[in-house]
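Here's the structure, in structure tokens; my notes come after.
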Amino acid sequence: MKIYVSHSSSYDYINEIYNPIINSDISKTNTFFLPHENKNKITNTKDIIASYDLVIAEVSLPSTGQGIELGWASYANVHILCVYKKGSKISTSIKFITTNFIEYENSKDMIEKIKEFISK
């Protein structure tokens with residue numbers, strides 16, 4: 001499966017999202033696009049998102065750019081999974097583009113729940 005990872009640029013995405021994904025089993029069986037990796041600095045994410053099977057959006061922090069990406073994914077009929085840290089107040093607008101939400105305690109819990117979602 002081809003999976004695009006979306007997040008706020010204000011989030012500690014390297015330690016909280018990228019490293020846990022890269023170091024997990026799901027990275028061995030799926031192709032991930034991590035938009036803020038150095039190799040992906042200047043890219044047309046609108047076209048990339050449309051060519052992927054799933055967008056995993058870490059939505060613990062609000063982000064205008066991420067909202068635009070999720071709109072592109074919704075318009076392209078790409079499945080969207082929103083994940084957020086327990087206790088976060090997520091935007092209610094997101095509920096108009098997906099019904100797939102996962103609340104997690106820590107990075108390990110997040111990866112396990114994503115793995116379970118992907119296997120369905």
Side-chain angles (χ1 to χ4, degrees):
M1 179 179 291
K2 290 173 57 178
I3 302 169
Y4 183 96
V5 178
S6 176
H7 53 79
S8 167
S9 59
S10 300
Y11 197 71
D12 182 11
Y13 52 86
I14 297 294
N15 294 311
E16 299 288 333
I17 307 167
Y18 288 11
N19 287 339
I21 287 172
I22 291 166
N23 296 317
S24 73
D25 291 345
I26 60 174
S27 70
K28 295 177 181 129
T29 55
N30 300 282
T31 301
F32 283 88
F33 185 88
L34 307 172
H36 291 276
E37 270 189 326
N38 287 336
K39 67 181 180 183
N40 298 322
K41 279 293 181 195
I42 301 174
T43 55
N44 181 348
T45 56
K46 183 178 183 182
D47 293 338
I48 292 168
I49 289 169
S51 70
Y52 273 58
D53 305 305
L54 174 67
V55 170
I56 295 177
E58 205 314 329
V59 296
S60 297
L61 296 175
S63 170
T64 301
Q66 182 179 46
I68 292 168
E69 289 179 338
L70 295 179
W72 290 336
S74 178
Y75 183 76
N77 293 313
V78 175
H79 295 286
I80 300 169
L81 168 62
C82 292
V83 299
Y84 60 96
K85 222 174 230 186
K86 185 175 183 176
S88 298
K89 184 179 180 333
I90 62 172
S91 170
T92 55
S93 303
I94 299 171
K95 295 175 181 157
F96 293 105
I97 60 168
T98 188
T99 57
N100 301 312
F101 291 89
I102 291 176
E103 181 181 67
Y104 66 90
E105 298 271 344
N106 53 46
S107 295
K108 183 179 178 185
D109 185 40
M110 176 187 67
I111 293 297
E112 288 303 315
K113 289 177 176 177
I114 289 172
K115 188 186 303 186
E116 184 179 322
F117 179 86
I118 291 171
S119 69
K120 291 181 183 178

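Values below: every heavy atom of this structure, side chains too, minus hydrogens, waters and symmetry copies. Here, residue 1 is the first one in the sequence, and each next residue gets the next number.
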Compute the ring centroids of His7 and Tyr18, then answer whether they are less than 6.0 Å apart.
-> yes
Do we see a donor-acceptor contact under 3.5 Å between the side chains of Glu112 and Tyr104?
->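 The criterion, which ignores hydrogens and geometry beyond distance, is not satisfied for Tyr104 and Glu112.
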Do Gln66 and Ser8 meet the criterion of a side-chain donor-acceptor pair at a distance under 3.5 Å?
-> no
Can you tell if the side chain of [X] reaches within under 4.5 Å of the side chain of [Y], non-hydrogen atoms only?
| X | Y | result |
| --- | --- | --- |
| Asp53 | Val78 | no |
| Glu69 | Val55 | no |
| Ile111 | Ile21 | yes |

[X] (side chain) donor-acceptor with [Y] (main chain) under 3.5 angstrom:
| X | Y | value |
| --- | --- | --- |
| Ser91 | Ser93 | yes |
| Lys2 | Phe32 | no |
| Ser60 | Lys85 | yes |

How long is the straight-line distance from [atom2] of [Y] back to [atom1] of [X], given to the nearest 0.5 Å?
| X | Y | atom1 | atom2 | result |
| --- | --- | --- | --- | --- |
| Ile3 | Leu34 | CD1 | CG | 10.0 Å |
| Ile56 | Ile118 | CD1 | CD1 | 5.0 Å |
| Ile102 | Glu58 | CD1 | CD | 11.0 Å |
| Leu70 | Ser63 | CG | OG | 8.5 Å |
| Ser107 | Ile17 | OG | CD1 | 8.5 Å |
| Ile80 | Ser74 | CD1 | OG | 5.0 Å |

Run the side chain to side chain contact (heavy atoms under 4.5 Å, CB included) check on Leu54 and Met1 step by step: do they pass?
-> CA-CA 8 Å; Leu54 174 67; Met1 179 179 291; 4.0 Å; yes
Partner residues of Asp25 under the salt bridge (Lys or Arg N to Asp or Glu O under 4.0 Å) criterion, sequence neighbours left out |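 Result, salt bridge (Lys or Arg N to Asp or Glu O under 4.0 Å) vs Asp25: Lys28, Lys115.
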Kindly indicate, with the supporting measurements, whether the criterion side chain to side chain contact (heavy atoms under 4.5 Å, CB included) is fulfilled by Met110 and Tyr84.
-> CA-CA 8 Å; Met110 176 187 67; Tyr84 60 96; over 6 Å; no
Under 30°, 30 to 60°, or over 60°: which ring-plane class applies to Tyr52 and Phe33, parallel, tilted or perpendicular?
-> perpendicular
Where at least one partner belongs to residues 94-110, residue pairs that pass salt bridge (Lys or Arg N to Asp or Glu O under 4.0 Å), sequence neighbours excluded = Lys86-Glu105, Asp109-Lys113
Begin with the C-alpha distance, continue with both residues' side-chain angles, and end with the deciding distance and a verdict on side chain to side chain contact (heavy atoms under 4.5 Å, CB included) for Ile26 and Ile114.
-> CA-CA 9 Å; Ile26 60 174; Ile114 289 172; 3.9 Å; yes
What closest approach, in Å, do Ile14 and Pro20 show between heavy atoms, and which atom pair accounts for it?
->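 So the two residues come closest at O-CD, 4.1 Å.
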Indicate, with yes or no, if Tyr4 and Tyr75 share a hydrophobic cluster defined by side-chain heavy-atom contacts under 4.5 Å among Ile, Leu, Val, Met, Phe, Trp and Tyr.
->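 No, separate clusters.
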When you look at Val83 and Phe117, which way does the side chain to side chain contact (heavy atoms under 4.5 Å, CB included) test go after all the steps?
-> CA-CA 11 Å; Val83 299; Phe117 179 86; over 6 Å; no
